[in-house]
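Lettering of chains follows the sequences in order, A, B, ..., and the numbering in each one begins at 1. Only this structure's heavy atoms are used, side chains among them; waters, hydrogens and symmetry mates stay out. Keep in mind the model is a prediction, meaning the values are calculated, not measured.
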Protein chains: 2
Amino acid sequence: MITPQDKKVLKRFGEHLRKLRKEKGLSLREMSYACSIDNSKIAKIEKGMINITFTTLLQLAVALEANPTVLLAYEPAE
Amino acid sequence: MITPQDKKVLKRFGEHLRKLRKEKGLSLREMSYACSIDNSKIAKIEKGMINITFTTLLQLAVALEANPTVLLAYEPAE
DNA sequence: TTATTTGCGGTCTTATTAGACCTCACACAT
DNA sequence: ATGTGTGAGGTCTAATAAGACCGCAAATAA
């Protein structure tokens with residue numbers, strides 16, 4: 001069950017991910033290629049539409065060439 | 001699809017989680033109570049049997065009273 | 001011994017992710 | 001105007017996480 005609370009959390013994470021991707025100068029399709037995740041899926045993640053799994057989280061880190069912890073290093077929803 | 005590679009990754013994460021739980025001095029049931037995740041599920045996570053979602057990851061951090069990044073701060077499988 | 005706790009694994013249903021593909025509108029350059 | 005890249009969503013199937021419950025064997029306590 002995906003609670004309204006979760007929605008906010010996922011949305012916040014999505015914003016963070018988007019920021020990281022932009023900083024890295026990647027387009028959705030470029031990032032898609034870099035981590036083998038469909039670009040439409042990445043867009044959904046950034047929009048907080050899906051609750052990604054652990055392995056997907058690590059894949060994203062690969063594309064960003066960053067330590068996975070970076071993906072969780074952000075201010076939670078205020 | 002859950003590849004053999006993923007299996008290793010999840011197993012490694014499970015070991016790390018288990019270590020964190022032990023350090024915190026929690027039993028599976030205590031932790032279960034602390035984050036509202038069924039104890040049988042936590043056992044499976046520690047055994048690397050399931051690929052948890054983002055929100056579940058955050059829930060685990062709650063039980064450990066730790067920053068979510070701590071859950072990803074470990075040496076990946078060698 | 002007896003009782004309690006603990007880790008662990010199985011089962012079942014439902015909700016949802018994964019994964020692949022497609023379409024569209026918009027911007028910008030050619 | 002034509003082509004290209006981009007963000008954003010929609011659709012479909014198969015795989016699987018979520019969630020809740022149960023039972024058991026070994027360890028621990030009483």
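- For the residue pair A/Asn51 / B/Thr55, a side-chain donor-acceptor distance below 3.5 Å is found, with atom types taken as modelled.
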With a 3.5 Å cut-off and sequence neighbours excluded, list the donor-acceptor pairs that the side chains of residues 29-37 of chain A form with protein atoms.
| residue | atom | partner | partner atom | Å |
| --- | --- | --- | --- | --- |
| A/Glu30 | OE1 | A/Ser27 | N | 2.9 |
| A/Ser32 | OG | A/Ile37 | O | 2.7 |
| A/Ser32 | OG | A/Asn39 | N | 3.3 |

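- Between A/Lys41 and A/Thr56, the shortest heavy-atom distance links the atoms NZ-OG1, 3.8 Å.
- Annotation: the span from B/Leu20 atom CG to B/Leu60 atom CG amounts to 10.0 Å, rounded to 0.5 Å.
- Atom CG of A/Asn67 is separated from atom CG of A/Leu64 by 11.5 Å, given to the nearest 0.5 angstrom.
- Remark: side-chain polar atoms of B/His16 are paired, donor with acceptor, to backbone N or O of B/Val70 under 3.5 angstrom.
- No more than 12 heavy-atom neighbours from other residues, nucleotides or ligands sit within 6.0 angstrom of CD on B/Gln5.
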B/Phe54 vs A/Val9, test: side-chain contact (heavy atoms from CB on, under 4.5 Å). Steps then yes/no.
CA-CA 9 Å; B/Phe54 188 78; A/Val9 170; 3.9 Å; yes
Atom pairs, N/O to N/O, protein against nucleotides 28-30 of chain C, distance under 3.5 Å?
none

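- Going from atom CD1 of B/Ile42 over to atom NZ of B/Lys47 covers 14.5 Å, rounded to the nearest 0.5 Å.
- The existence of a salt bridge linking B/Arg12 and B/Glu15 is confirmed by a sub-4.0 Å separation between a basic side-chain nitrogen and an acidic carboxylate oxygen.
- Contacts between chain A and DNA chain D, taken as any atom within less than 4.0 angstrom of a protein heavy atom, begin and end at D/dT6 to D/dG19.
- When side chains are defined from C-beta on, B/Phe13 counts as touching B/Ile52, because their heavy atoms get closer than 4.5 Å.
- The shortest side-chain heavy-atom distance between B/Met49 and B/Lys11 does not fall under the 4.5 Å cut-off.
- Within the 4.5 Å cutoff, side-chain heavy atoms of B/Leu57 are placed close to those of A/Leu72.
- At a threshold of 4.0 Å, the pair A/Arg21-A/Glu46 counts as salt-bridged, since one of the basic side-chain nitrogens sits closer than that to a carboxylate oxygen.
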Is there a side-chain contact (heavy atoms from CB on, under 4.5 Å) between A/Ile2 and A/Leu10 once you walk through the steps?
CA-CA 10 Å; A/Ile2 179 159; A/Leu10 294 174; 3.8 Å; yes
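- Axis angle across the helix from C/dT1-D/dA30 to C/dT30-D/dA1, with five pairs used at each end and values rounded to 10°: 40°.
- Within residues 18-33 of chain A, the residues approaching DNA chain D are A/Arg18, A/Arg21, A/Lys22, A/Ser27, A/Leu28, A/Arg29, by heavy-atom distance under 4.0 Å.
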For nucleotides 18-21 of chain C, which of its nitrogen or oxygen atoms have a protein nitrogen or oxygen under 3.5 Å away, and what is each distance?
| residue | atom | partner | partner atom | Å |
| --- | --- | --- | --- | --- |
| C/dA18 | OP1 | A/Thr53 | N | 2.9 |
| C/dA18 | OP1 | A/Thr53 | OG1 | 2.7 |
| C/dA18 | OP1 | A/Thr56 | OG1 | 2.6 |
| C/dA18 | OP2 | A/Lys41 | NZ | 3.1 |
| C/dA18 | O5' | A/Lys41 | NZ | 3.0 |
| C/dC21 | N4 | A/Asp38 | OD1 | 3.4 |
| C/dC21 | N4 | A/Ser40 | OG | 2.7 |

